[in-house]
Amino acid sequence: MIYNYTSSLGLMAYDWDGQSCRRLWLDSHPGARPSADDPVGCWLDAYCDGRRLALPPLAKPHTAFQARLRKALLAIPWGETCTYGELARQLGTAPRAFGQALGANPLPLLIPCHRVVAANGIGGFSCGIEWKKALLEFERSF
DNA sequence: GGCTTCCATGAGT
DNA sequence: ACTCATGGAAGCC
């Protein structure tokens, strides 16, 4: 089931099936129902408050690589950033492949793909570069 | 030094 | 087969 979530940071939507969060979008989802009192909504409440809360259950990654990718991203602390190259080396992969895998992340924000920047510059963001800038600035303000 | 190609590289589609 | 949310090196002012 897909829910819309309105936050101080902007409109979001997520797919919560009652067991785990399968996807999260950084924009509103047409026709979705308003956010319920589920673990994802609670986590988003906390995040927008600057509070770190344990993650809600997330859908399993499809591949082993995505599992390692997720683990590496979750290791980046609030407000900190890493570069594509650093993490790619850490996972034994190529920077470009790493970047593309990030773009395919179905759970932005929950899995903090916005904390990865290019060696020179900010890099890209599939949900819109404005989101990435806003999120980084938001996290740094705490 | 700063700017512009150029290409190795690997995961996803 | 082709597409990338890169990085680093090489060439040129």
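Pairs of residues two or more places apart, or lying in two chains, that qualify as salt bridge (Lys or Arg N to Asp or Glu O under 4.0 Å) and include a residue from residues 10-31 of chain A are Asp15(A)-Arg22(A), Asp17(A)-Arg22(A). The ring-ring contact (aromatic ring centres under 6.0 Å, His included) analysis of residues 80-128 of chain A, with sequence neighbours excluded, yields no pairs.
In this structure, the side chains of Val116(A) and Thr81(A) stay at 4.5 Å or more apart for every pair of heavy atoms. Within the 4.5 Å cutoff, no side-chain heavy atoms of Val40(A) are placed close to those of Tyr3(A). The side-chain heavy atoms of Leu74(A) and Leu55(A), taken from C-beta on, include a pair separated by under 4.5 Å.
Contacts between chain A and DNA chain B, taken as any atom within less than 4.0 angstrom of a protein heavy atom, begin and end at dA8(B) to dG12(B).
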Its dot-bracket string being built from Watson-Crick and G-U pairs below 3.5 Å, with | for another strand and [ ] for crossing, DNA chain B has the pattern ||||||||.||||

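With rounding to the nearest 0.5 Å, the separation of OG in Ser20(A) from CG in Leu58(A) is 7.5 Å.
Taken residue by residue, residues 58-79 of chain A places no heavy atom nearer than 4.0 Å to DNA chain C.
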Heavy-atom contacts, protein to nucleotides 4-13 of chain C, under 4.0 Å, summarised as B (base), S (sugar-phosphate only) or - (none) per nt, yield BBBSS-----

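Residues passing the side-chain contact (heavy atoms from CB on, under 4.5 Å) test with Ser28(A) are Asn4(A), Leu11(A), sequence neighbours excluded. With sequence neighbours excluded, no residue forms a salt bridge (Lys or Arg N to Asp or Glu O under 4.0 Å) with Glu86(A). Partners of Thr93(A) according to the side chain to side chain donor-acceptor pair (under 3.5 Å) rule, which considers only residues two or more places apart in sequence or in another chain, do not exist here. Listed by chain and number, the residues in a ring pair (Phe, Tyr, Trp, His ring centres under 6.0 Å) with Trp25(A) are His29(A) (sequence neighbours excluded).
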Would you be so kind as to tabulate the donor-acceptor pairs closer than 3.5 Å made by side chains of residues 65-73 of chain A, with sequence neighbours excluded?
{"residue": "Gln66(A)", "atom": "OE1", "partner": "His62(A)", "partner atom": "N", "Å": "3.2"}
{"residue": "Arg68(A)", "atom": "NH1", "partner": "Leu91(A)", "partner atom": "O", "Å": "3.2"}
{"residue": "Arg68(A)", "atom": "NH2", "partner": "Leu91(A)", "partner atom": "O", "Å": "3.4"}
{"residue": "Arg70(A)", "atom": "NH1", "partner": "Ala59(A)", "partner atom": "O", "Å": "3.2"}
{"residue": "Arg70(A)", "atom": "NH2", "partner": "Ala59(A)", "partner atom": "O", "Å": "3.0"}

Side-chain donor-acceptor pairs of residues 43-50 of chain A under 3.5 Å, sequence neighbours excluded:
{"residue": "Trp43(A)", "atom": "NE1", "partner": "Leu53(A)", "partner atom": "O", "Å": "3.0"}
{"residue": "Asp45(A)", "atom": "OD1", "partner": "Tyr5(A)", "partner atom": "OH", "Å": "2.4"}
{"residue": "Tyr47(A)", "atom": "OH", "partner": "Glu139(A)", "partner atom": "OE2", "Å": "2.7"}
{"residue": "Asp49(A)", "atom": "OD2", "partner": "Arg51(A)", "partner atom": "NH1", "Å": "2.9"}

